[in-house]
Amino acid sequence: MDNRPIGIFDSGLGGLTGLKALRRFLPEENIVYFADSGRVPYGEKTRVQLRGMARQNLSFLSGFGVKAILIACGTLSSNAGDILAEWPVPAVGVLSSSADWMSRLEGDSPVAVIATAASISSGAYQRALEAACPGRRVLGIPCPDFVPLIESGHTDASDPLVQDAVRRYLQPAREADAGVLLLGCTHYGIIEEAITDFLGSEVTLVSAAESGAAALCSQLLKRKMTGGSGNIRYYTSGDPAVFAEAASLFLGCREEEIHAEAVPPQPIPEG
Ligand code: DGL
């Protein structure tokens, strides 16, 4: 039994898709969630900046005495994955967990990964999937408008702005006849309904966030490190009221249940 909290972070709302999955797998865990909303979007930052920001966020959460960390962010996982190994507690990124998940899928149709511009330009997802799904064509599609749309409250499948962006970005996946689509950015699970409406339910969606949560859970179970009282603390470098409203909508709880505390955004590292 280990009651120390699990740390989860992302540039904003996206990591809540990981938090939700983690709560489904291990509801008793205590969690400290950090939404770096004051510096969103990460997808437009340089690799050097992202690597510095990954270190800053890992250090911030380590200050809470966490027992493990979920980097619920595809952009940091694909640009700073090697940094996780330096951390003294188990730290799971959503890139390697996604590749493991994808390697278990059968079939030979092309697979597509959608993620931020910084994730796709790093090539890390494409390399990991080529190794995990031998013989399958891999398409990497950057979707830079998704995160700003989601962070500004456009998430509904009936929202014309969401529908238009989904159509624009996912047409190549449809044309390539991709049978599997990896949501390589954790924000994208929030607009999953709009994505399924466009691609059809015969296309399998894989959530990087959920794969990360599952990988972290199995590590904790294996090391006998589970335990807690289901307490969640939220911190944001953005506006706590804005975060609480959006988070409560996504998590399906009352706004009053999300006590988000403000922390000043750290300086963006040079580079
Ligand atoms: N949700 C993050 C990801 O998975 C970050 C998106 C962003 O801030 O651009 O990549």
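One-based numbering, in listed order, for ligands and for the atoms of each.
Remark: the S229 side chain and the N231 side chain contain no N/O donor-acceptor pair separated by less than 3.5 Å. Looking only at atom types and distance, the side chain of R39 has no donor-acceptor partner in the side chain of Q49 under 3.5 Å away. Under the 3.5 Å distance criterion, with hydrogens and angles disregarded, no donor-acceptor pair is assigned to the side chains of Y42 and N79.
Scanning the protein for heavy atoms near atom 9 (O) of ligand 1, the closest one is G43 N, 2.8 Å. Protein heavy atom nearest atom 7 (C) of ligand 1, with residue, atom name and distance: Y42 N, 3.2 Å. Shortest contact from atom 2 (C) of ligand 1 to any protein heavy atom: D10 OD1, 3.1 Å. Counting protein heavy atoms only, atom 10 (O) of ligand 1 is closest to T75 OG1, 2.5 Å. Of the protein's heavy atoms, G74 N, 3.1 Å lies nearest to atom 3 (C) of ligand 1.
Listed by chain and residue number, nothing satisfies the side-chain hydrogen bond (donor to acceptor under 3.5 Å, both in side chains) test with T226 (two or more places apart in sequence, or in another chain).
The distance criterion of under 3.5 Å between nitrogen or oxygen atoms is not met by V40 with respect to ligand 1. Here's the thing with T116: none of its N/O atoms is less than 3.5 angstrom from an N/O atom of ligand 1. Of the polar atoms of S119, none of the N or O atoms is found under 3.5 Å from an N or O of ligand 1, judged by distance alone.
Classified by interplanar angle (parallel below 30°, tilted 30° to 60°, perpendicular above 60°), the ring pair F146/Y188 is perpendicular.
Residue S11 touches ligand 1 through its side chain alone, judged by heavy-atom distances below 4.0 Å.
Counting heavy atoms from C-beta on, the side chains of V162 and I150 never come closer than 4.5 Å.
Taken together through direct or relayed side-chain contacts under 4.5 Å among Ile, Leu, Val, Met, Phe, Trp and Tyr, L19 and F250 form part of one hydrophobic cluster.
Taking the charged nitrogens against the carboxylate oxygens, D164 and R168 do have a contact shorter than 4.0 Å, which makes a salt bridge.
Here is the list of ligand 1 atoms found below 4.0 Å of a heavy atom in C73: 2 (C), 3 (C), 4 (O), 5 (C), 10 (O).
Heavy-atom proximity to atom 1 (N) of ligand 1, evaluated over H187, E44, K45, is greatest for H187.
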